[in-house]
2 protein chains.
Amino acid sequence: MPTSKDVAQAAGVAQSTVSYVLSGKRPISEKTRKKVEDAIQQLTYQPNAGARALASRRTRVIGLVIPFIPELHMASIMEFVSVIANTARLYDHDILLVTEDEGAPGLQRVVGQQICDGLILMQVEGDDERLPVVRSLHVPVVLIGIPHDPSGLVCIDADFEMAGEQCVQDLAAAGHTVISVLDWQPEVVDRHVNYVERFMSGTNKAAETLGVKVLHLPGGTDREVIGESVDKALAETTGVPAFIAPDGTVQDVLRRVLTSRGLTPGTDVSVIGSASPTLAELQPIPLSTIDLRPAEVSRRAVKIICDLLEAENQGPTESLELVPTVITHRASTLRPPHGS
Amino acid sequence: MPTSKDVAQAAGVAQSTVSYVLSGKRPISEKTRKKVEDAIQQLTYQPNAGARALASRRTRVIGLVIPFIPELHMASIMEFVSVIANTARLYDHDILLVTEDEGAPGLQRVVGQQICDGLILMQVEGDDERLPVVRSLHVPVVLIGIPHDPSGLVCIDADFEMAGEQCVQDLAAAGHTVISVLDWQPEVVDRHVNYVERFMSGTNKAAETLGVKVLHLPGGTDREVIGESVDKALAETTGVPAFIAPDGTVQDVLRRVLTSRGLTPGTDVSVIGSASPTLAELQPIPLSTIDLRPAEVSRRAVKIICDLLEAENQGPTESLELVPTVITHRASTLRPPHGS
DNA sequence: TTGAAAGCGCTACCAT
DNA sequence: ATGGTAGCGCTTTCAA
């Protein structure tokens with residue numbers, strides 16, 4: 001592997017000049033710049049990341065802490081990961097995976113060994129045990145998810161409250177007066193991620209404002225449970241029933257249960273599910289969907305951390321960003337409640 | 001951040017001694033070892049990864065090239081990623097994400113800048129355009145997936161041929177004489193991943209041996225297409241129909257189509273899908289599943305590359321490993337073809 | 001506008 | 001069994 005020294009020699013300049021050509025931190029004459037760039041081309045020189053990190057105290061690597069909980073609808077997690085990795089490249093950074101299995105010590109490890117300059121944590125719980133460690137780390141950290149006490153932390157998440165509101169507004173606008181909301185799976189609720197309550201609070205708020213009734217029913221992946229929830233909903237509804245199922249996995253089960261009851265979403269029952277546009281396309285049954293915009297959340301998380309890394313001299317930043325939700329209406333839109 | 005120099009000072013030894021205590025590359029007396037370890041504790045010293053990489057020419061980072069194709073059943077890709085990251089830690093390595101968007105130049109970048117010591121490529125196509133670059137790279141690379149010409153490459157994959165055979169054997173053993181095999185989605189087939197033909201060849205082989213009939217039908221996520229395939233299958237079958245749907249996404253659609261035809265998998269139709277045990281548990285309708293053992297494939301891929309890194313002095317290794325498939329029978333097992 | 005040289009924090013060789 | 005020291009390949013300061 002050629003080094004900057006080789007390039008310098010080939011170009012007939014000092015090694016430091018090569019460095020300055022690359023970094024642009026000092027004016028270089030056209031002549032020498034060209035000589036150096038040619039030499040770089042010839043030798044297919046690429047700077048050594050380790051040496052660069054050692055000298056500059058910047059690795060240009062961001063640690064990404066990913067959850068692996070089978071209940072969490074892996075497909076959407078994968079979308080976060082993919083967008084985060086691609087966005088990081090736009091800012092000339094790379095992503096190092098840190099699995100949740102490593103826990104808080106894992107964070108101390110990658111930061112302590114200076115493998116990465118900052119961290120992004122996904123799926124942050126309300127009372128996440130890693131928060132004390134995060135606060136003690138002397139590098140920028142961005143949380144995806146809002147903990148109960150976000151003081152001193154930089155957080156970002158989709159605006160679940162607005163999502164809840166919009167779902168109810170949409171169904172109310174379609175004429176529904178009774179709306180059933182299926183809860184997330186118990187596994188998610190138990191993690192105390194507070195987006196659950198934020199979403200529910202949004203539905204209640206809209207319900208109150210609009211004078212419609214919202215039924216909160218148990219969710220889960222258990223067909224029986226969903227079956228009961230659906231029956232309860234049907235019993236309390238006259239006309240076309242309406243469901244909101246924010247949890248992707250619950251939504252899958254709901255769809256099956258409705259089908260087995262002879263109900264076709266979009267025709268004799270209104271359903272709003274949740275899915276990113278990308279994934280929504282794959283759904284065999286088109287639904288109205290809430291787009292919680294994972295891609296947007298991911299992009300902004302990366303931008304925030306890169307900005308923090310750029311300006312790592314200012315005082316401690318404390319911010320809390322919410323990304324607005326969007327509702328996408330697809331092939332089968334919402335129906336009026338009495339069969340139109 | 002404390003350095004090894006600080007530790008040496010605190011322990012009253014030479015800096016190199018600290019290094020040797022950590023690496024164990026030379027005998028150290030109990031006395032000094034303890035002094036050093038205490039100092040490390042006191043200072044919460046962690047070695048600087050950049051300096052270490054620079055001096056040792058080893059980053060202890062493995063690049064993982066992940067696909068992001070919505071059609072690819074992200075849930076299972078995520079399982080690969082997660083297991084790979086965790087396994088890498090067992091060998092004291094970290095995983096750097098390289099997205100497929102970066103293409104072949106991305107590989108040259110992470111290797112050229114010496115950000116990582118080796119690569120794992122997922123979802124390798126039959127005639128993958130990155131192969132020429134991979135062959136030119138002077139670092140170990142492990143491919144998950146078998147290209148048409150694997151010469152000079154290290155590959156690993158599930159044994160799809162055996163999977164195909166076993167599926168047919170199982171259904172034949174349950175008494176089925178006509179077995180319908182749904183193809184992967186066109187998006188997958190178009191990538192010329194050769195596991196598709198390996199699987200199909202396995203089904204044909206077993207069918208011939210056992211004297212049963214195998215129908216190959218179009219797959220996809222399009223409900224219409226699957227509907228037609230199912231109808232065709234039903235027309236050609238007497239008694240209980242039998243389906244094999246290796247593609248996770250196709251399987252989802254198949255399940256819905258069967259339900260809408262009033263057919264319950266496990267009762268009046270036999271279905272073998274594919275799912276890792278982890279994901280299979282989440283299925284609301286228990287099926288017989290082929291376990292292509294993504295976790296096992298992942299673990300072995302990491303082990304292979306770490307072994308290669310360890311022994312990066314021997315001559316060029318050429319290996320091609322297939323991980324045997326397992327068929328897991330779940331709650332609703334296969335039925336005899338005439339309603340028992 | 002450019003060059004020389006001093007580190008950055010390790011590893012590993014040469015001594016003792 | 002341990003210490004001293006020469007790099008590893010960059011960035012950045014100091015000089016010219």
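Values below: every heavy atom of this structure, side chains too, minus hydrogens, waters and symmetry copies. In what follows, every chain begins at residue 1, and chains take the letters A, B, ... in the order their sequences are listed.
- Contact annotation for B/Thr3: backbone-only contact, meaning every heavy-atom pair under 4.0 Å involves sugar-phosphate atoms and none involves a base.
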Check your understanding: Between A/Arg130 and A/Glu100, is a side chain to side chain contact (heavy atoms under 4.5 Å, CB included) present by the stated rule, with each step listed?
Key -> CA-CA 10 Å; A/Arg130 298 165 300 184; A/Glu100 219 162 52; 3.4 Å; yes
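- Between the A/Asn86 side chain and the A/Val83 main chain, no donor and acceptor come within less than 3.5 Å of each other.
- Residue B/Pro147 forms a side-chain contact (heavy atoms from CB on, under 4.5 Å) with just one option from B/Asp128, B/Asn194, B/Leu153, B/Val134, and that option is B/Leu153.
- Atom CD in A/Gln46 sits about 15 Å away from atom P in D/dG9, given to the nearest Å.
- Between the side chain of B/Ser82 and the backbone N or O of B/Met78 there is no donor-acceptor pair closer than 3.5 Å.
- Heavy atoms from other residues, nucleotides or ligands lying under 6.0 Å from CD of B/Gln113 number more than 12.
- Mapping B/Leu54 and B/Val13 onto DNA chain D via the closest heavy atom, the residue that lands nearer the 5' end is B/Val13.
- Comparing D/dG3, D/dA1, C/dC10 by their nearest atom to the side chain of B/Pro47 picks out C/dC10.
- Taking atom CZ of residue A/Arg60 and atom C1' of nucleotide D/dT11, one finds them 14 Å apart after rounding to whole Å.
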Quick one: which protein N/O atoms are closer than 3.5 Å to N/O atoms of nucleotides 13-16 of chain D? Pair and distance per line, please.
unit_1, atom_1, unit_2, atom_2, d
D/dT13, O4, A/Tyr20, OH, 3.2

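- Closest to the A/Ala51 side chain, of the nucleotides D/dG9, C/dG9, D/dT11, is D/dG9.
- The distance from atom CG of A/Asn48 to atom C1' of D/dG7 is 14 Å, rounded to the nearest whole Å.
- For the segment residues 28-38 of chain A, no residue has any heavy atom less than 4.0 angstrom from an atom of DNA chain D.
- With A/Arg293 contributing its side chain and A/Ala158 its backbone, the two residues share no donor-acceptor pair below 3.5 Å.
- Remark: the backbone N or O of B/Arg58 is not paired with any side-chain donor or acceptor of B/Asp117 at under 3.5 angstrom.
- Protein atom NZ of A/Lys25 is 18 Å distant from nucleotide atom P of C/dT1, rounded to whole Å.
- Looking at A/Ser298, its side chain does come within 3.5 Å of a backbone N or O of A/Pro294 through a donor-acceptor pair.
- Summary of the strand contacts: B/Val18 and A/Ala14 both lie near DNA chain C, and taking for each the nucleotide with the nearest heavy atom, the more 5' one is attributed to A/Ala14.
- Atom P of nucleotide C/dA4 and atom NZ of A/Lys5 are separated by 13 Å, given to the nearest angstrom.
- Phosphate proximity of C/dA12 to B/Arg57: absent, as no side-chain N or O sits under 4.0 Å from OP1 or OP2.
- For A/Tyr195, the ring pair (Phe, Tyr, Trp, His ring centres under 6.0 Å) criterion is met by A/Phe160, A/Trp184, not counting sequence neighbours.
- Across the protein-nucleic acid pair, B/Arg58 atom CZ and D/dC8 atom C1' stand 14 Å apart, rounded to whole Å.
- Considering only the side chain of A/Ala55, D/dC10 comes nearest among D/dC8, D/dC10, D/dG3.
- Atoms CD (B/Gln15) and P (D/dT5) sit 12 Å apart, rounded to a whole Å.
- Taking every side-chain heavy atom of B/Ser19 into account, C/dT11 is the closest of C/dT11, C/dT2, D/dG9.
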Check your understanding: Please walk me through it: do B/Glu37 and B/Lys34 pass salt bridge (Lys or Arg N to Asp or Glu O under 4.0 Å)?
Key -> CA-CA 5 Å; B/Glu37 280 169 353; B/Lys34 176 140 181 45; over 6 Å; no
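- Remark: P of D/dC10 and CZ of A/Arg52 are 8 Å apart, rounded to the nearest angstrom.
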